[in-house]
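These notes concern the structure reproduced below.
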There are 2 protein chains.
Amino acid sequence: MLRAVLAHGPIPRSHIARLTGLSQASVTRLTTELLARGFLAVAPSTATADVGRPLVPIDFDVRSWVALGMHLGRDRTTIAVADLRGTLLATDELGHEAREPAAVVRQAVTWLRRLAARHAGGAQALGVGVSVGGWVDPDDGIVIENDALGWRNVPLRSRLERSLGLPVLVESNVRAMALAELWFGVATKVRSLVYVFIGNVVGAAIVVGRTIHRGPLAAAGGIAHMRLASSNARCSCGRIGCFQALTTDMHLAERAVERGLIAQPSIDALIEVARGGSRPARALLEARARSIGEGLAVIIGLVNPDLVVLAGSGVTAAPEYLATIRAEARSRCVLPIDAERTILPSGLGADVLASSSIALVLDAFYRQELPDVTVRSTRR
Amino acid sequence: MLRAVLAHGPIPRSHIARLTGLSQASVTRLTTELLARGFLAVAPSTATADVGRPLVPIDFDVRSWVALGMHLGRDRTTIAVADLRGTLLATDELGHEAREPAAVVRQAVTWLRRLAARHAGGAQALGVGVSVGGWVDPDDGIVIENDALGWRNVPLRSRLERSLGLPVLVESNVRAMALAELWFGVATKVRSLVYVFIGNVVGAAIVVGRTIHRGPLAAAGGIAHMRLASSNARCSCGRIGCFQALTTDMHLAERAVERGLIAQPSIDALIEVARGGSRPARALLEARARSIGEGLAVIIGLVNPDLVVLAGSGVTAAPEYLATIRAEARSRCVLPIDAERTILPSGLGADVLASSSIALVLDAFYRQELPDVTVRSTRR
DNA sequence: AGGGCTTTCTTTCAGTCTGAAATAATCCTT
DNA sequence: AAGGATTATTTCAGACTGAAAGAAAGCCCT
């Protein structure tokens, strides 16, 4: 029901009933409960049909509840406050003072408290979504391994729950971003999805039946060392031709430096040069796009999702290569895929990090998995 | 509930309640309904605890219902009758007289009717599972493409339902086999699974949350053209190093002929020679095992299933190479996988084809997806 | 202004499913 | 034959559902 409200903005009860297949009676009962709990509110009625009892549009109550989120990145923490619809009310970025878990957590907690106090307007917080890179076990809320921060087995959830007194949802950043895409991005109407992130690291998240598939080790989505045939670049794992070695920003930038196209290894500089007309720079970026397409073909062949969403600086910084990616994926794939429709760039803008941490909370909320928030129908 | 009965054989109601988490009251109600409908029966009581009211073991009623199945292969049709537990009551193989859909279907229907009449003992048939190679759309029951039989867009289900008057479930053979593994094989206790078949063709099936994931084109599990780096064998698709080109029986047999190891391209002959001590023959098989392991590493990294099940003549005919497959997969995989536990050979014997067609019916039955069979609790 | 008309929303009612707890059943032990 | 132990059944109340009847709230028309 909440999904119908999310998807269709302010919406009258009778439409909800039609969309969800529930009876009007059930919708009324549920909405009264949700109105009482402060999750929904009556929206100002817009001009509607000129006959019959007027529609009463229902919408999320953006005043009484908020979701909080934080993304713990290599160099900075992004914190966010958002309403139930996922609209960001405020975000902030904090440069790390130190990378020790204790210091990062302390800083994030302090500033998140402050941000919430200032922008939540007295609303209650549903919970806190924590998006963090590397290998994460969401069930226990533990960061198993994060090279960027140098963390190993950090019990993030228990620490944060203790100091914030709110439900905390820890998840890998790639999976969090996939959820954001699923709720607020281009994948809202899709059942299965593979989200592919290509930036300084590469990773994927698999969604089947609108549920993230994590696997027993919470490690599903590992595409870094998928072997591609198109090159023999050496990967940090010691092997040759890994997807990671061919597609990360860093790899490309280093190649460009080797070839004297740019002075410092920076992907932005390389894109700049390519846009300036440099043939070899463009060739490098084209080659990466083909590698990405090649990898996608493998993923699409194996998983055949409704949709593939591409994200990360490796894709968004130079969208002009999307066509190459699509063409390569299509030609490598035995399936007759419609690449224009099934391979899409991320629908989230610059606020991906903030949105993705928020998506963790709202996903749990919509699924009724949040510990203290359960909705049952009222009977009088 | 039925799953508990399937897993734990004859089992008293109170145990079912404990296993399923239902209350004893609900279990009683459901069992009485299922007993009345002839799905369950009271089993002969075995000697049990020597105090208290004796347990009444409940088991499937193997007399009043059966499942029927057929596998349409390249050269022959396998037909089967089985009880609700999946135990085969009778199977038969029919060589095709012709490969036209009409001829194959007519023959299969005739003989399946006869087999059922003879071995079902008056039991009703739940439905007919049809396992067929190639690209199949199970929703519409259409065989989109099957090269072995030369079929294109054959509306198999509608034809069979008309002539048999029973619910018909059409599914690709690989997915049917994965279901059989899920219900009767080594994957009964597992939530997610990738089933990898390697024989004259290669293919996979993906199970997440004990449900087959098919994807929008019903094409999930395509691993044939996944690129491996270990060789440059040319695939029928025109590319180099495809998984298919490196691992099918036919490919291996042809290689062996090229190298003069055997006279006729036959995988069995090659295995024979290798077992006889031929170094180059063994090297060929070892190389295939490593290729398979390499492919598995990609699959495991991406999907991270609870379990990988290997099947098909490419694996079962020469089980001595399983260790190589596992070792290669483990070494190629960045995850710390326990290959001995998570990569297993199929748990089904020679009756795979029959069992897999039966699994289609029982899977639908257990999920209550069979059109005329729905169970609701009784109230008096 | 007030009675129809139309549509939305609410309430009533009956039905289904559930589990807790009381009750019945059935065996073994003494 | 009574007592004990345990399983199976029934009774009961609670939760949820949809169908249908009823109330509400606007417009239209005279």
Side-chain angles (χ1 to χ4, degrees), chain A residues 1-5 8-37 39-61 366-369 373-380, chain B residues 1-5 8-37 39-61 366-369 373-380:
Chain A
M1 216 186 86
L2 291 168
R3 200 148 86 214
V5 178
H8 296 84
I11 178 177
R13 287 174 245 249
S14 58
H15 291 200
I16 297 178
R18 241 166 289 149
L19 284 168
T20 55
L22 289 166
S23 69
Q24 286 213 353
S26 302
V27 172
T28 290
R29 279 190 290 262
L30 283 165
T31 45
T32 53
E33 171 69 12
L34 289 163
L35 286 165
R37 301 277 299 267
F39 295 124
L40 296 178
V42 175
S45 71
T46 54
T48 51
D50 42 22
V51 74
R53 178 174 174 172
L55 303 149
V56 181
I58 304 282
D59 200 359
F60 284 113
D61 184 343
Y366 293 136
R367 296 175 176 278
Q368 302 232 25
E369 284 170 3
V373 185
T374 37
V375 176
R376 28 190 57 240
S377 47
T378 34
R379 167 73 42 112
R380 254 172 304 166
Chain B
M1 214 185 87
L2 292 169
R3 199 149 87 215
V5 178
H8 295 84
I11 179 178
R13 288 175 242 250
S14 59
H15 291 200
I16 298 178
R18 241 167 288 150
L19 283 169
T20 56
L22 289 167
S23 68
Q24 286 213 350
S26 302
V27 172
T28 291
R29 277 190 291 263
L30 284 165
T31 45
T32 53
E33 171 69 10
L34 289 164
L35 286 165
R37 302 276 299 269
F39 296 124
L40 296 179
V42 176
S45 71
T46 53
T48 52
D50 40 23
V51 73
R53 180 175 173 171
L55 303 149
V56 181
I58 304 283
D59 200 358
F60 284 113
D61 184 344
Y366 294 137
R367 297 175 174 280
Q368 302 231 23
E369 283 169 4
V373 186
T374 37
V375 177
R376 25 192 56 242
S377 48
T378 33
R379 167 71 44 109
R380 256 171 305 169

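Just so you know, these numbers come straight off a predicted model, no measurement behind them. Below, chain A is the first sequence line, B the second, and so on; all start at residue 1.
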(request) State which of C/dT18, C/dA21, C/dT8 makes the closest approach to the side chain of A/S14. (result) C/dT8
(request) State plainly whether the residues B/E33 and B/R37 are in salt-bridge range, i.e. N to O under 4.0 Å. (result) yes
(request) Would you kindly give the CG-to-C1' distance between B/L55 and C/dC28, to the nearest whole Å? (result) 13 Å
(request) Using a cut-off of strictly less than 4.0 Å, decide whether B/S26 has a side-chain nitrogen or oxygen near OP1 or OP2 of C/dG19. (result) yes
(request) Would you kindly give the CD1-to-P distance between A/I16 and D/dG18, to the nearest whole Å? (result) 14 Å
(message) With a cut-off of less than 4.0 Å, is there a side-chain N or O of A/R53 near OP1 or OP2 of C/dT10?
(response) no
(request) Assign each of B/A25 and B/R18 to its nearest nucleotide of DNA chain D by heavy atoms, then name whichever residue's nucleotide is nearer the 5' end. (result) B/R18
(request) Taking the side chain as every heavy atom from C-beta outward, state whether B/T31 and B/M1 have any pair of such atoms under 4.5 Å apart. (result) yes
(message) If you compare every side-chain N and O of A/R29 against the phosphate oxygens of D/dG18 (OP1, OP2), does one of them come in below 4.0 Å?
(response) no
(request) Report the distance from atom CD of B/Q24 to atom P of C/dA24, rounded to the nearest whole Å. (result) 17 Å
(request) Check every atom of D/dA8, C/dC27, D/dG18 against the side chain of B/P54 and return the nucleotide holding the closest atom. (result) C/dC27
(request) Could you tell me the separation between the CD1 atom of A/I58 and the P atom of C/dT8, rounded to a whole number of Å? (result) 14 Å
(request) Calculate the interatomic distance between B/M1 atom CE and C/dG19 atom C1'; express it in whole Å. (result) 16 Å
(message) In whole Å, I'd like the distance from the CG atom of B/L30 to the C1' atom of D/dT9.
(response) 14 Å
(request) Scan A/V56 against the nucleic acid and name what it touches under 4.0 Å (heavy atoms): base, sugar-phosphate only, or nothing. (result) sugar-phosphate
(message) Can you confirm whether B/D61 sits close enough to B/L40 that some side-chain heavy atom of one is under 4.5 Å from a side-chain heavy atom of the other?
(response) no
(request) Using whole Å, report how far NE2 of B/H15 lies from P of D/dT7. (result) 6 Å
(message) Is there a side-chain contact between B/S23 and the phosphate of C/dA20, meaning an N or O under 4.0 Å from OP1 or OP2?
(response) no
(message) Rounded to whole Å, how long is the line connecting atom CZ of A/R13 with atom P of C/dT7?
(response) 19 Å
(message) I'd like to check B/H15 versus B/L55 (side-chain heavy atoms, cut-off strictly below 4.5 Å). Are they in contact?
(response) yes
(request) Could you walk me through whether A/L19 and A/I11 pass side-chain contact (heavy atoms from CB on, under 4.5 Å), step by step? (result) CA-CA 10 Å; A/L19 284 168; A/I11 178 177; 3.4 Å; yes
